[in-house]
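From a predicted model like this one, the values you see are computed outputs, not experimental measurements. Chain letters run A, B, ... following the sequence lines, proteins first, then strands; residues in each count from 1.
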Number of protein chains: 2
Amino acid sequence: MTEKKKLGKNKILKELYFEESLSCADLAIKLEKSFPVTAKLIEELVSENLVIETGYAPSTGGRRPLMYALQKNVMYLVSVAMDQFVTKIAIMDMQNNFVSPIEKIVLPLPNNPLVLNVLKDKIAQVIDSSGISKDKFVGVGIGMPGFVNVKKGINYSFLQLPNNKSITKNIGEKIGIPVFIDNDSSLVALAELRFGAARSEMNAMVVNIGWGIGLGLILNGELFRGHDGFAGEFSHIPLFLNGKLCSCGKVGCLETETSLLLIVEKAREGIKEGRLTRMSSQCLKDLELACDAIIKSVQEGDQFAIELFSKAGYNIGKGVAVLIHLLNPKTIILSGRGSSAGQIWQAPIQQALNEHCIPRLYQSTTIEISTLGINAELIGAAALVMENYERIPVIKSHPVSLEMNLS
Amino acid sequence: MTEKKKLGKNKILKELYFEESLSCADLAIKLEKSFPVTAKLIEELVSENLVIETGYAPSTGGRRPLMYALQKNVMYLVSVAMDQFVTKIAIMDMQNNFVSPIEKIVLPLPNNPLVLNVLKDKIAQVIDSSGISKDKFVGVGIGMPGFVNVKKGINYSFLQLPNNKSITKNIGEKIGIPVFIDNDSSLVALAELRFGAARSEMNAMVVNIGWGIGLGLILNGELFRGHDGFAGEFSHIPLFLNGKLCSCGKVGCLETETSLLLIVEKAREGIKEGRLTRMSSQCLKDLELACDAIIKSVQEGDQFAIELFSKAGYNIGKGVAVLIHLLNPKTIILSGRGSSAGQIWQAPIQQALNEHCIPRLYQSTTIEISTLGINAELIGAAALVMENYERIPVIKSHPVSLEMNLS
DNA sequence: AAAACTTTTTTAATTATTTAATAAGTTTTT
DNA sequence: AAAAACTTATTAAATAATTAAAAAAGTTTT
């Protein structure tokens, strides 16, 4: 059927997005289709100018495979990464390149009824000023903190519409392009799974070290979201008997003992108390800059900064010990803003595991630092759109235009 | 192909085991095959006397579907449920009935090199004395505590063979029937998923309240085992700062604050200290009988017994709060030996969730008590064999014998 | 340098699935 | 009460997919 064929073609495009370049044999296996069927679909995609032949790959002991990749300048993605304070918007191509400068706007989410409209306007503006025709956009992917229901397109924490209406629908109607949303930490995990340190991993925990401690769970090779899409509330597991009130209203959450927010606060306090450090109270005023400054100090060997990260790392490790016991992952990936501090995390986390984990369990678990760093969420937002690519109804063929032939 | 056909037939037999009775239309959907193909396979299975027509089901608004079920007395399962002290062996048919009395032997696992041989002899003996011919047994399913690698057939905690050789292979060679092993709590969860309170659930946590606090995770409708098969080590998550040494060598594990073992110990202490209760130190001597006695006392309203369960329940609740935050399940099932105490668990666990869980999360999670009770592990062990049924190579046709026609 | 082996691609033969048409039994609607 | 709508079952023809075999292009071994 023509409907089934389209699905097959979309799957090929999706696979090529995630893998960059594949042979017909590879694709046949991934699609779980026979070789002849796959070859035919590819042939059609090539004639539609959506896919190109990229030449022969080195032989693996036999005939060299002819490789295929996505055509350039034919499809684009809009990716949006929001945190509690700042929102970043970018346009990405099918090779994971940023094709326009990353737009950054200050947009505080809590108690801000204007967020949705500002966001819509900004996305529209970015698309407009890119000069790329709208029908070349596959979709908009948005990552945001809070309790996000992916299927319904609702964020129960921020950006709420009256009657819990779908914000993906709302934005989509304004922009004219399909919209997908997910929790920020889930998208960080998705980015790591598809393009980062967890690539092709079957069981991995991606810890998003940011203003809170987020978690994206990769189970059986897929992002796990739970029954309502709220899985991964790592920040608020009750782990400490410290009597500290958390932003969520409970007491003793993991977040009360570790997070970048806490580190910045403690740094500010320390300086006030006259701790010896290369950091100044001046450079810690703005939250984002403060965070960058502390991480820089860590890398320059500042003892106070290292102490702050070590303590935070140990407490993350206590949380990770719980994860390892419950889910027996192959690897733990440290990602998000805080991961740029790099190897500093390893020792204190490992220490916590030594103390709180059954040896057999932690010995077979590795801890790795993200290579995607601060852009993980943006990459994940783009990946989110392509994860859903089969389900996007509109698929246009792109005939070879004159300019294209000339270029 | 004949190989593919066999696979399809085995899948039908498997589906009928788990669902008891299905129409051709149901099976076509489950197998993801077309109606004609499914109908043909069923026809063959009927003529091989493996499947029987059970008449017409009530109409759901159209022609009444002809239902199919597994033939009786054609296939049997051996299921074995081990705990640290006692091992139970049963023979089950395809309708989940125990066709022989459940054999119970005292068999302490720790530091006992004889376990494997005793187990093999006992299984052989049970099969022998059943009078059922060996070729009617599909397989042996065994649940056991410890770190079990399902695929490799190894238990790293007990029953170890030299060089970490597969115990499933070892037992299988002696018995002459395929053998499968899994962790006890995983099998309890499997039983609940297939025949119990978690039936057809997509996301559920099955808490196995026994001598420890086990956990079986049902994620995306399947039993989740983790990278090495060790997922669900609920008993040993570091949750308390109580300084109590756990059997695992660590400090502050969940198990140090809740388990049936702890309840029995505390009951014994309480009586020694002269607590007012209907229990006597006499009836608490034997561990299993003690446990039964305390649960009976709870149901009879004994205040001391209820107090013990309430405290244990609250601490289980603290652990469950962690599960809910991390995995956002739809339901929590209390199963295993302790679940026979029934509704007594509800209040203290709910209390702990109120205190330690974000409202949005626990409000959409239900807590249910198992209906399978003490036999959950045995049922799960049988289900384990059938979960793997497609992969079992030997499949015999069972021609209608004379006696069968006469009966 | 030839033979044996791998891997990919192509083609033809086989097999499976979908579709459509028919029929039978039920429920809902008119 | 009869007609319409719906679900299940059966069959045959049309369509599509898989499998098997063979060819092509390389690599490795003898």
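- As a whole-Å value, the separation of B:Asp26 CG from D:dT7 P is 13 Å.
- Residue A:Ser34 places at least one side-chain N or O under 4.0 Å from the OP1 or OP2 atom of D:dT18.
- Between A:Arg64 and D:dA25, a side-chain N or O to OP1/OP2 separation shorter than 4.0 Å is absent.
- Rounded to whole Å, the distance from CE on A:Met67 to P on C:dT8 is 9 Å.
- A:Ile42 has its CD1 atom 8 Å from the P atom of C:dT9, to the nearest Å.
- Residue-to-nucleotide proximity on DNA chain D shows that, of A:Pro36 and A:Ser59, the 5′-proximal contact is made by A:Pro36.
- Side chain of B:Ala25, nearest nucleotide from D:dT19, C:dT9, D:dA9: D:dA9.
- In this model, the phosphate group of D:dT18 is not approached by any side-chain N or O of A:Lys33 to a distance below 4.0 Å at OP1 or OP2.
- The distance between atom CG of B:Leu66 and atom P of C:dA23, rounded to the nearest whole Å, is 21 Å.
- Considering A:Lys14, A:Lys11, A:Lys6 as possible partners of A:Glu390, the one that fulfils the side chain to side chain donor-acceptor pair (under 3.5 Å) test is A:Lys14.
- If you check every strand for non-hydrogen atoms under 4.0 Å, B:Phe35 touches a base.
- For B:Tyr56 and C:dG25, the OH to C1' distance is 10 Å, given to the nearest whole Å.
- The partner of D:dT30 is C:dA1, judged by Watson-Crick or G-U wobble contacts that both fall below 3.5 Å.
- One can place CZ of A:Arg63 at 9 Å from C1' of C:dT7, the figure rounded to the nearest angstrom.
- The side-chain contact (heavy atoms from CB on, under 4.5 Å) test with B:Ile12 is passed by exactly one of B:Leu70, B:Leu50, B:Ile42, B:Leu22: B:Ile42.
- In this structure, A:Asn10 contributes its side chain and A:Leu7 its backbone to no donor-acceptor pair below 3.5 Å.
- In this structure a side-chain-to-backbone donor-acceptor pair under 3.5 Å is missing from A:Arg64 to A:Ala57.
- To the nearest angstrom, P of C:dA16 lies 17 Å from CD of B:Glu32.
- With D:dA17, C:dT9, C:dT17 as the choices, the nucleotide that has an atom nearest any side-chain atom of B:Val37 turns out to be C:dT17.
- In this structure, B:Asn328 contributes its side chain and A:Asp228 its backbone to a donor-acceptor pair below 3.5 Å.
- Whole-Å rounding puts the B:Glu53 CD to D:dT8 P distance at 17 Å.
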